[in-house]
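Just so it is clear, the structure is predicted and the values come from calculations on it, not from any experiment.
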Amino acid sequence: MRSIQTKFIALILSCVLLSAGVIGGAGILNAQRVVDGDSARVMNLLCEGKALELDALLSRIEQSVKTLSVYTLDELESMDRLKTDPGYVGRYTQKLESVAVNAANNTEGALAVYVRFNPEFTPPTSGLLWSKTERSGSFQQLTPTDLSSFSPSDTEHVGWYYIPVKNGQAMWMEPYYNQNLNVQMISYVIPLYRQGETVGVVGMDINFDVIERMLEGIRIYDSGYAFLADNQGVIMYHQDLAMGTAMGSVDKSLRPLVEELGNGTSGSTLYSYEGSGVKKELAFRTLRNGMHLAVTAPVNEINAGRNRLILQNCVALLLICCLSVGLTAVFTRRLVRPLKELNTAAKKIAEGDLSVTISTQTKDEVGTLADSFQKTVEHLQQYISYINGLAYRDAMTGVKNKTAYQEAERLMEDRMRTGRPEFAVVVLDINGLKYINDTYGHDFGDMLIVDACRLICKTFKHSPVYRIGGDEFAVILENDDLKSYPVLLEDFEKGMAEHNQTARPDSHLSIARGIAVYNSQSDLVFANVFKRADDAMYQNKAAIKAREKHRSETP
């Protein structure tokens, strides 16, 4: 006959083993869920961040061409003179040359810039073409391509003119190889129209190396890398495959991936595929020029951390069970209370509640277990906070990042659908950042961004500030800041002027800003408000440039 003590010890021992199993199982499941989620989050954050960097580069190029196109149309006196007055065409072209060359010189990777007029009513070589004859050389004036020598259907030679005109919109052309410079190039072209008639096109050829250099620096895990492809799965850049290679022809297991790229889907999960017999996962984002940036890594590297953590949890669980068996008989009564507490905490963690506190202070193995368990919870809390910080906080400036801005945009649109919120959006863009980077180095450029962010936060200290691009910030104003935004904008200008009085040339601030107040009658989505603020910012940027130009020309 077993004694009560034996039965009690057996009961306590069973509870210990059960508690250890619940705690360990919850830890393993939670660790697996957290690490799997972290892997997807890390790859998607990396892909998102690099896509934003590439989009920022493409946006700067587009802005240069857009500025030139606006200037070209503004300087055009009339379509009749363009059609009938050869002398005017020559003077008009000469007026555009300095602006075009200046735009090309201030655009990263630019190899050529051109403005071509409609060959239907101007000479077939009318317009201008300035191009580099060497990669590191300066821009030289060349004779434009004779459009009359090629059929409009000859996309290889004159597609850069006829395709944008036919589509009626600005567009990125497919990369092509320039034999004269021995480089791959990509072009951005904007068709020009006046009173429903085609004036011509404005375009710029960009060295594809500027994109390749950004991609070459992307590494994740041990052997992960990034590549670039179009909607048909044709390689634009890959560390192992040549440009123009169709992924589906390299390995049939990649064909589902080609379909996925064509669908353009992307999100918080990872896409699984098999390449050259190796299981891989990737995250990808669609760039503003229609290409797809993908970040890929082998599954065994992605899961290495998770497997180590699970193994560690299993070993720890085994050790805990062994210790519990030896100590239960001696410390039966002391174990009852802490085991209940641990069991309760384990259930909370299994339910996803990490806000648990272990009060056990005994100086034995159970106390050590409780302390380790508390530290594990604290480490998980810190790790989740760290991940959230990566996801929603800009590392350089400390303000909220593009991901946080998108979340704020979503929440505001929910409010717009259910009511009439009162808010405004301020868009700010740092002028001259490229010049600082090129002249003094990126460290000074980073300091300029931090100084600009500090001034923005100081001015709009009661409103959330977001860094939504390399040199672009957004602020959402509500309540008192919304009511007093004219005063805040004046304070912003004063603060910038005060900063510049004592600032060195490399830290001189010039920030364009635009604001738009939400109008429930016309703004159907949040993006409408942002678009108006962004347009106002570009108008302010143009005004600043005009003032600076006038100041520099005035003796």
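Electrostatic pairing of Lys95 and Glu75 counts as a salt bridge here, judged by a charged N lying under 4.0 Å from a carboxylate O. Look at Lys400 and Asp394 and you find no salt bridge, because none of the NZ, NE, NH1 or NH2 atoms lies under 4.0 Å from a carboxylate O. In this structure, Lys50 pairs ionically with Glu53, as a charged nitrogen and a carboxylate oxygen lie closer than 4.0 Å. Glu407 has a carboxylate O that lies under 4.0 Å from a charged side-chain N of Arg410, or vice versa, which qualifies the two as a salt bridge. Taking a cutoff of 4.0 Å between a charged side-chain nitrogen and a carboxylate oxygen, Arg41 and Glu48 do not qualify as a salt bridge. Between Glu108 and Arg60 there is a salt bridge, since at least one side-chain N of the basic residue sits less than 4.0 Å from a carboxylate O of the acidic one.
Under the 3.5 Å distance criterion, the side-chain polar atoms of Ser126 are left unmatched by any main-chain donor or acceptor of Thr122. Judged by distance alone, the side chain of Arg288 and the main-chain N or O of Ala56 form no donor-acceptor pair under 3.5 Å. Judged by distance alone, the side chain of Thr245 and the main-chain N or O of Ala242 form a donor-acceptor pair under 3.5 Å. Side-chain atoms of Thr145 never come within 3.5 Å of backbone atoms of Leu147 as a donor-acceptor pair (strictly under, hydrogens ignored). Panel note: side chain Glu281, backbone Ser272; no donor-acceptor pair is recorded below 3.5 Å. Looking only at distances, a side-chain donor or acceptor of Tyr193 sits under 3.5 Å from a matching main-chain atom of Val165.
Here the CD1-CG distance, from Ile511 to Leu448, works out to 7.5 Å after rounding to the nearest 0.5 Å. Rounding to the nearest 0.5 angstrom, the gap separating the NE2 atom in His442 from the CG atom in Leu433 is 8.5 Å. To the nearest 0.5 angstrom, Gln239 atom CD is 11.0 Å from Leu215 atom CG. With values rounded to the nearest 0.5 angstrom, Asn437 atom CG is found 11.0 Å from Phe444 atom CZ. Here the straight-line distance linking atom CE of Met537 with atom CZ of Arg532 works out to 15.0 Å at 0.5 Å rounding. Taking CD of Glu472 as the reference point, atom OG of Ser59 lies at 7.5 Å (rounded to 0.5 Å).
For Lys531, the NZ atom counts as loosely surrounded, since its 6.0 Å shell holds 12 or fewer non-hydrogen atoms of other residues, nucleotides or ligands.
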Decide salt bridge (Lys or Arg N to Asp or Glu O under 4.0 Å) for Glu478 and Arg415; before the verdict, give the C-alpha distance in whole Å, the side-chain angles of both, and the deciding distance to 0.1 Å. CA-CA 13 Å; Glu478 293 185 270; Arg415 291 173 59 189; 3.0 Å; yes
Apply side-chain hydrogen bond (donor to acceptor under 3.5 Å, both in side chains) to Gln140 and Ser138, showing your working. CA-CA 6 Å; Gln140 305 292 326; Ser138 60; 3.0 Å; yes
What do the steps show when you test Asp451 against Ser507 for side-chain hydrogen bond (donor to acceptor under 3.5 Å, both in side chains), and what is the final call? CA-CA 8 Å; Asp451 287 342; Ser507 60; 5.0 Å; no
Would you please test Asp205 and Ser187 for side-chain hydrogen bond (donor to acceptor under 3.5 Å, both in side chains) and show each step? CA-CA 4 Å; Asp205 296 335; Ser187 303; 2.5 Å; yes
Evaluate the criterion side-chain hydrogen bond (donor to acceptor under 3.5 Å, both in side chains) for residue pair Asn106 and Lys434; output intermediate values, then yes/no. CA-CA 8 Å; Asn106 288 280; Lys434 182 180 184 301; 5.9 Å; no
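Side-chain contact between Val525 and Glu413 is present, with at least one heavy-atom pair separated by less than 4.5 Å. Under the 4.5 Å side-chain criterion, counting only non-hydrogen atoms from C-beta, Met416 is not in contact with Ser520. Put simply, the side chain of Tyr237 reaches to within 4.5 Å of the side chain of Glu212, judged on heavy atoms. Here the side chains of Asp429 and Asp534 are not in contact, with every heavy-atom distance at 4.5 Å or above. At least one side-chain heavy atom of Glu301 sits less than 4.5 Å from a side-chain heavy atom of Ser223.
Heavy-atom minimum distance, Val210 versus Ile206: CG2-CG2, 4.0 Å. In terms of heavy-atom proximity, Met396 sits nearest to Val450 at CG-CG2, 4.0 Å.
Using cut-offs of 30° and 60° for the angle between ring planes, the Trp160 and Tyr114 rings count as perpendicular. Aromatic ring orientation, Phe423 versus Tyr518: parallel (interplanar angle below 30°, classes split at 30° and 60°).
Exactly one of Ile456, Leu428, Ile449 qualifies for a side chain to side chain contact (heavy atoms under 4.5 Å, CB included) with Arg467. That residue is Ile449.
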